[in-house]
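Each ligand, and each atom within it, is numbered from 1 in the order the structure gives. As a basis for the values below, the full set of heavy atoms in this structure was taken, side chains included, without hydrogen atoms, waters or symmetry mates.
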Amino acid sequence: MSAPKKLFIKTYGCQMNVYDSERMAEALGGQGYTETKSADEADMILLNTCHIREKAAEKVYSELGRFKKLKAQKPDLKIGVAGCVAQAEGQEIMRRQPLVDLVVGPQSYHRLPEMEAKTREGEKVLDTDFPEEDKFEQLKHRPKSKRGPTAFLTVQEGCDKFCAFCVVPYTRGAEVSRPADRILTEARDLVERGVREITLLGQNVNAYHGAGANGDLTLAQLIWELDKVEGLERIRFTTSHPNDMMDDLIEAHGTCKKLMPYLHLPVQAGSDKILKRMNRSHTAESYLRLIERIRAARPDILISGDFIVGFPEETEEDFQATLDLVEEVKYGTAYSFKYSTRPGTPAAERPQVDPVEADDRLQRLQALLTRQQREIQDSMVGREVGVLFEKPGRQAGQMLGKSDYLHAVHVADCNRQAGELARVRIVSSRTNSLAGELIG
Ligand code: SAH
Ligand code: SF4
Ligand code: F3S
C-alpha cells in the first residue's frame, strides 16, 4: 500500500468556509489523504477562498505565488482553489496562475474525489456548477472520529437578498435550506463525537425553511428540535437578516435554555437613504424596534453587528446616522468594513466616496465600537456566567472557554476538562478576554 497522501487546507472568509473545509478534508480522506498543518509536506494544497472584499480575493493570488518554488521541487504536488473566488473567477484563476490544477466552486465539493483523481492523471479540472443533487448528503461525516466541544453545522446556504454591495448571491447561489432530519442526524453524530455546542450556519440563517415531517420548519422550530438532543448543551446561529427575525425566533431567545444569549444581526448602516440604496429593505427605525423586541424577550442578550462605511454616495450626515444608531444599540461585538467595490454588483457602477474620507469614517466608527465592546465586556465583572471549556491555557492548571455571551474566559487552577460546562464568576476584564473563577 502506498503511504498516505498529505492535504494542506488554508481557509479564508466566513464560518461556512470553515465548515466546508472540514467536509472537503473528509471527502478527500476517502482518497487516502490525511491533513497536515504544513504546506511543505503536502501532496495537495487547497485554498478555500473568500470573495467578499477585494483584499480578500487578491490575497489568493499572492498566496498561490508563494507555492511556485514548492511545486518546482515537487512536481506531483497538486494545487486547488475552492470557495467563493473559485466560483466568481473560475477559469480566470488558471489563466492568471498556471500552477493551479483544480478549481472547485462551493456547490461542487462532493465531486472533489473524482476531480482529484483526474489531476493525478495530469488533467486540469474546473467545476463551478450549481448541481441539482444534494451535496450535503454526499459529503457525509466520516465514521465517529473524536471532535472538540464546539462545531459548525450548515443548515442553509446561499442568499436571495441581493444587497447592492454583496457577492454572496452570486458565489453561493440561491437560498437553499437543508431538510431538518438530515440536520438532526448530523447534530446527533456530532454530539456522539464529543460536541457540546453547535453553531447553525447560513448566509441568511434565520430565513431557514427546511422540510420537516409535517411541512417546512422555521429556524425556531429547528432549534426546538435540536433542544431535545441529549448531550447537546448549547445552540447558536449566524448570520441573521433583520427582515427574517420571526416572532417565534425572538420568543425562543426568551424560552429556550440551550439557545445562547448572543445574536449577530448586521445592520450595515444607520441612514435610511443608504439602507435603501444598499437594497437592505429595513430602516434604521425598524431595526431599532426589532432590537427592542429582542431585548424584551431576553434582556441580557449580547448584540453583534456588521457595518459598511463609505458606501457610494454616503455623506458625512449619513455616516453620523450610523454613529447615532450604534450609540443607541450598544454592540457587544462588531465587524466594520470600508466599502469595497465588487465587480458585477449593482453598487460597483455608482459614484464612489473619497477613500481618505472613508478611512477616516471607518476609524471613527471603530473607535466607538471598540469602546462599547470594552464597556460591555467590563460590565461582566462580578457576574456569574456559564462557560464551556475548550482547551487548556498556557499556564499550568488554566482552562480556556467561552461564556454564554461568547466572551473568551480563562480560569486558573481549574479542575475541569475540555467539553465541560461550569458556572464561573467573572473577576476581571482584560483586552480580549475575561478572567473567572469556578463557583462552588
Ligand atoms: N449574510 C450576512 C453576511 C454577509 S458577508 C449578512 O447578510 O449580513 C459579511 C459582511 O461583509 C457583511 O455583513 C458586510 O458588512 C460585509 N461586506 C459584504 N460585502 C461587502 C463589500 N462589498 N464591501 C465591504 N464590506 C462588505
Ligand atoms: Fe450579502 Fe445581503 Fe445576502 Fe447578507 S443578505 S449575504 S449582505 S446579499
Ligand atoms: Fe467570503 Fe464566500 Fe463566506 S465570499 S464571506 S467565503 S460566503
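If you look at Pro169 next to ligand 2, the close heavy atoms, those under 4.0 Å, all belong to the side chain. Neither the backbone nor the side chain of Thr239 comes within contact range of ligand 2; no heavy atom lies under 4.0 Å. Residue contacts with ligand 3, taken as heavy atom pairs separated by less than 4.0 Å, do not involve Met16 at all. The part of Ile308 lying near ligand 1 is the side chain, judged by heavy-atom distances below 4.0 Å.
Formation of a donor-acceptor pair under 3.5 Å by the Glu313 side chain with backbone atoms of Ile274 is not found in this model. Judged by distance alone, with hydrogens and angles left aside, the side-chain atoms of Lys5 form no donor-acceptor pair with the main-chain N or O of Tyr33 at under 3.5 Å.
Residue Phe307 forms a ring pair (Phe, Tyr, Trp, His ring centres under 6.0 Å) with just one option from Tyr339, Tyr331, Phe165, and that option is Tyr331.
For the pair Arg53 and Phe337, the distance from NZ or CZ to the six-membered ring centre is under 6.0 Å and the angle to the ring normal is within 45 degrees. In this structure, Arg172 forms no cation-pi arrangement with Tyr170, as its terminal cationic atom is not both closer than 6.0 Å to the ring centre and no more than 45° off the ring axis. A cation-pi arrangement, defined by a distance under 6.0 Å to the six-membered ring centre and an angle within 45 degrees of its axis, is absent between Arg182 and Phe136.
Heavy-atom proximity to Asn204, at under 4.0 Å, picks out these atoms of ligand 2: 5 (S). Numbered from 1 in the order shown, with element, the atoms of ligand 2 that lie under 4.0 Å from a heavy atom of Phe165 read 7 (S). For ligand 1, the atoms closer than 4.0 angstrom to any heavy atom of Pro266 are 8 (O). Interface atoms of ligand 3 facing Gln203, defined by a heavy-atom separation under 4.0 Å, are 7 (S). Less than 4.0 angstrom separates some heavy atom of His241 from each of these atoms of ligand 2: 5 (S). Residue-ligand proximity, Cys84 to ligand 3, at heavy-atom distances under 4.0 Å covers atoms 2 (Fe), 4 (S), 6 (S), 7 (S). The Lys161 neighbourhood of ligand 2 comprises atoms 3 (Fe), 5 (S), with distances under 4.0 Å to a heavy atom of that residue.
Taking 4.0 Å as the cut-off between side-chain N and carboxylate O, Glu233 and Lys257 do not count as a salt-bridged pair. A salt bridge does not link Asp359 with Arg361: every distance from a Lys NZ or Arg NE/NH1/NH2 to an Asp or Glu carboxylate oxygen is 4.0 Å or more. Of the charged side-chain nitrogens involved, at least one lies within less than 4.0 Å of a carboxylate oxygen, so that Arg364 and Asp360 count as a salt-bridged pair. In this structure, Arg23 pairs ionically with Glu26, as a charged nitrogen and a carboxylate oxygen lie closer than 4.0 Å. Residues Arg95 and Glu92 are paired through a salt bridge, judged by an N-O separation under 4.0 Å between the basic side chain and the carboxylate.
The protein non-hydrogen atom at the shortest distance from atom 3 (Fe) of ligand 3 is Cys14 SG, 2.3 Å. The nearest protein atom to atom 1 (Fe) of ligand 3, hydrogens excluded, is given as Cys50 SG, 2.3 Å; this is a heavy-atom distance. In terms of protein heavy-atom proximity, atom 1 (Fe) of ligand 2 is nearest to Cys166 SG, 2.3 Å. With respect to atom 3 (Fe) of ligand 2, the closest heavy atom belonging to the protein is Cys159 SG, 2.3 Å. Looking from atom 6 (S) of ligand 3 to the surrounding protein, the closest heavy atom is Asn17 ND2, 3.2 Å. Nearest non-hydrogen protein atom to atom 10 (C) of ligand 1 is Asp306 OD2, 3.4 Å. Summary of contacts: the protein heavy atom closest to atom 4 (S) of ligand 3 is His51 N, 3.3 Å. In terms of protein heavy-atom proximity, atom 2 (C) of ligand 1 is closest to Thr239 CG2, 3.5 Å.
One of the N, O or S atoms belonging to Cys163 lies under 2.8 Å away from atom 2 (Fe) of ligand 2.
Within the set Ala347, Ser340, Ala269, the minimum heavy-atom distance to atom 21 (C) of ligand 1 is found for Ser340. For atom 20 (C) of ligand 1, the nearest non-hydrogen atom from the set Phe307, Phe165, Tyr339, Phe311 comes from Phe165. Taking only non-hydrogen atoms, the option from Met278, Arg342, Gln268 nearest to atom 14 (C) of ligand 1 is Gln268. For atom 7 (O) of ligand 1, the nearest non-hydrogen atom from the set Arg53, Lys55, Arg280 comes from Arg280. Around atom 1 (N) of ligand 1, the closest heavy atom drawn from Arg172, Gln203, Glu54 belongs to Gln203.
For Tyr405 and Asp300, the side-chain atoms include at least one donor-acceptor pair closer than 3.5 Å. In this structure, a donor-acceptor pair under 3.5 Å is absent between the side chains of Tyr335 and Ser304. Remark: the Gln87 side chain and the Gln107 side chain contain no N/O donor-acceptor pair separated by less than 3.5 Å. Checking Ser336 against Gln366 by side-chain atom types alone, a donor-acceptor pair falls below 3.5 Å. Residues Glu197 and Thr150 have side chains that never bring a donor and an acceptor to within less than 3.5 angstrom of each other. Checked by atom type, the side-chain pair Thr119/Asp101 shows no donor-acceptor distance below 3.5 Å.
The shell of residues lying under 4.0 angstrom from ligand 1, judged by heavy atoms, includes Ile52. Within the structure, the closest approach of Lys338 to ligand 1 falls below 4.0 Å when heavy atoms are considered.
Between Ser240 and ligand 1, no pair of N/O atoms sits closer than 3.5 Å. Every N/O-N/O distance between His241 and ligand 1 stays at or above 3.5 Å. Taking distance alone, with nitrogen or oxygen atoms compared against 3.5 Å, Cys166 stays at or beyond that limit from ligand 1.
A heavy-atom distance below 4.5 Å is found between the side chains of Leu265 and Ile291.
In this structure, atom 4 (C) of ligand 1 is not in close contact with the protein, since no protein heavy atom lies within 4.0 Å of it.
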